[in-house]
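The next block holds one structure in the form of C-alpha cells; read it before the comments.
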Amino acid sequence: MDTTALIFSLIEWMGVIAVLFILRISQRFNRPLLVFKYPRREGMVSVSLLFVLLIFALTIRGYISGYYFARIPLPVSPEWKINLALALVSLLLVALALYLRRQPIRSAGWNKIMLAPSLRLSLALMFLTVFLRNKAASILNGISTEEGWALVLLLIICLCEETFFRGYIHPRLSSWLGKNYGWVASAILFALWRILMTPATGDIPVIEFAFFAAQGLLLGWVMNKSGHVITSGLYRTISEWLWVLA
C-alpha cells in the first residue's frame, strides 16, 4: 500500500471515528446487549466456521483454475468472481448455523429495530467518505460499466462478509472473551482472512496485516455503535469502491 493511499485511509477513518463519537449522544442507538446462554460454545462455533471457510477458500484458490470462474457471464475479472463466490459461501454458513442452532437473524447483526437509524448513519458515513477521499467529482462525471459492476459486486461481498465477521463472529467472541477482547480478536481474524484472500501486491505482509486489522477494529466499532450489519456493510462498500474509481 503506497503512502498516499494510507494517508487517505487514515483521514477517512478519523472522520468515521468523529461521527461515531458524536453518535454517543443519540438515544436512538441505545439497545440491550446481545447475550448468549453458552458464550464459550458460541465463540468456538464462530471460530470453527471461519476455519471451515478458510479451508474452503484455500482449496478453491489452490485447486480450481480461474478458467472455470472466467466462464461465469459477468464482465469482471475471475478474482472478483472468486471473492463473490466465497462471500456467498460465508453467508450460507451463517444461515446454516442459525438454522441448526435455532437462533434468530438478529443474533447475526440483522436487528430490524435498528435498521432505520442504521441506514441513516450509513448514508452519513458514505457521504463523508466520498468527501474526505475527494471522489465526488469522479462520481458526478459518470462511472464506467466496469466500475458499476464493481459497486454491485462489492455491495454483495461486503454485506455477506460483514454478516459473517461483524454480525456472527464479533458478538459471539465479545460474549465469550469480553467486549474489548472479543472486538480485537474478531478484527485479527478478519485481518487473517483478508491477507490470505488478497492477491500478492509486493507490500510487506506485516504492514498489510496491520492495515486490515485496523480496518477490522474500525468496522467492529461501527457495528458496536450502530447495532446493525447494514452500517458497516454499506460503509465498507463505498470505502473499497472508491479505490476502484479512476
Side-chain angles (χ1 to χ4, degrees), residues 1-2 5-6 9-10 12-13 16 39-64 66 69 78-97 108-109 153-154 156-224 229 231-233 235-237 239-240 243:
M1 174 170 291
D2 58 55
L6 182 59
S9 294
L10 291 175
E12 172 193 326
W13 293 353
V16 171
R40 183 177 182 276
R41 182 188 302 173
E42 293 296 330
M44 294 297 290
V45 168
S46 65
V47 173
S48 298
L49 285 184
L50 174 58
F51 280 101
V52 169
L53 182 62
L54 280 172
I55 292 171
F56 179 78
L58 293 175
T59 300
I60 283 182
R61 290 183 176 277
Y63 296 100
I64 299 181
F69 286 95
E79 184 65 29
W80 279 97
K81 298 171 188 177
I82 293 173
N83 290 335
L84 175 63
L86 294 176
L88 292 173
V89 170
S90 74
L91 184 64
L92 178 62
L93 287 174
V94 170
L96 185 61
L153 295 184
L154 273 173
I156 299 172
I157 291 169
C158 290
L159 286 177
C160 289
E161 289 190 353
E162 288 304 299
T163 299
F164 187 81
F165 285 98
R166 250 60 62 180
Y168 194 87
I169 292 179
H170 182 142
R172 285 161 175 80
L173 291 183
S174 295
S175 180
W176 177 26
L177 304 175
K179 183 177 180 180
N180 291 332
Y181 286 118
W183 171 43
V184 173
S186 62
I188 291 174
L189 292 176
F190 173 72
L192 175 65
W193 167 258
R194 289 300 306 274
I195 202 166
L196 289 176
M197 293 302 107
T198 301
T201 60
D203 292 336
I204 300 173
V206 174
I207 295 177
E208 282 193 314
F209 186 85
F211 177 85
F212 289 135
Q215 183 188 33
L217 286 172
L218 180 65
L219 292 169
W221 199 30
V222 170
M223 175 62 191
N224 280 341
V229 163
T231 309
S232 61
Y235 159 65
R236 184 183 158 198
T237 297
S239 177
E240 297 193 5
W243 296 117

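- Under the 4.5 Å side-chain criterion, counting only non-hydrogen atoms from C-beta, Leu192 is not in contact with Phe212.
- When atom types are taken as modelled, the side chain of Ser48 and the backbone of Met44 share a donor-acceptor pair closer than 3.5 angstrom.
- Across Val94 and Ala108, no two heavy atoms sit closer than the pair CG1-CB, 4.0 Å.
- Applying the salt bridge (charged side-chain N to carboxylate O under 4.0 Å, His left out) test to Arg172 and every residue at least two apart in sequence or in another chain returns Glu42.
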Given side-chain contact (heavy atoms from CB on, under 4.5 Å), test Leu58 with Met197 step by step and report yes or no. CA-CA 8 Å; Leu58 293 175; Met197 293 302 107; 4.0 Å; yes
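- Contact annotation: the side chain of Leu173 never approaches that of Tyr181 to less than 4.5 Å [non-hydrogen atoms, C-beta and beyond].
- Scanning for side chain to side chain donor-acceptor pair (under 3.5 Å) contacts around Ser239 gives Glu12, with sequence neighbours left out.
- In this structure, Leu217 and Trp183 have side chains that are in contact, with non-hydrogen atoms separated by less than 4.5 Å.
- Closest heavy-atom contact between Ala187 and Ala213: CB-O, 3.7 Å.
- To the nearest 0.5 Å, atoms OG (Ser232) and CG (Leu159) are separated by 8.5 Å.
- If you look at Tyr235 and Trp221, their ring centroids are not closer than 6.0 Å.
- Counting heavy atoms from C-beta on, the side chains of Phe56 and Leu93 never come closer than 4.5 Å.
- For Trp13 against Ala214, the heavy-atom pair with the smallest separation is CZ3-CB, 3.6 Å.
- Note that CZ of Arg236 and CG of Leu218 are 12.0 Å apart. Values are rounded to the nearest 0.5 Å.
- Rounding to the nearest 0.5 Å gives a distance of 8.5 Å between CG of Leu53 and CG of Leu49.
- Cation-pi geometry between Arg166 and Phe190 is met: under 6.0 angstrom from the ring centre, within 45 degrees of the axis.
- Taking CZ from Phe51 and OG from Ser46, the interatomic distance works out to 10.5 Å, rounded to the nearest 0.5 Å.
- Annotation for Ile169 and Ser186: closest pair CG2-CB, 4.3 Å, computed over non-hydrogen atoms.
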Let's go through Val229 and Met223 carefully: what are the C-alpha distance in whole Å and the side-chain angles of both, what is the deciding distance for side-chain contact (heavy atoms from CB on, under 4.5 Å) to 0.1 Å, and is it a yes or a no? CA-CA 6 Å; Val229 163; Met223 175 62 191; 4.2 Å; yes
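- Taking every heavy atom of both residues into account, Ser9 and Trp243 meet most closely at OG-CZ2, 3.4 Å.
- Heavy atoms only, all atoms of each residue included: Gly182 and Leu177 are closest at N-CB, 4.0 Å.
- Going from atom CG of Asn83 over to atom SG of Cys158 covers 10.0 Å, rounded to the nearest 0.5 Å.
- No side-chain heavy atom of Tyr168 sits less than 4.5 Å from a side-chain heavy atom of Leu50.
- From Leu219, atom CG reaches atom CG of Asn224 across 11.0 Å, with rounding to the nearest 0.5 Å.
- Contact annotation: the side chain of Leu92 never approaches that of Leu88 to less than 4.5 Å [non-hydrogen atoms, C-beta and beyond].
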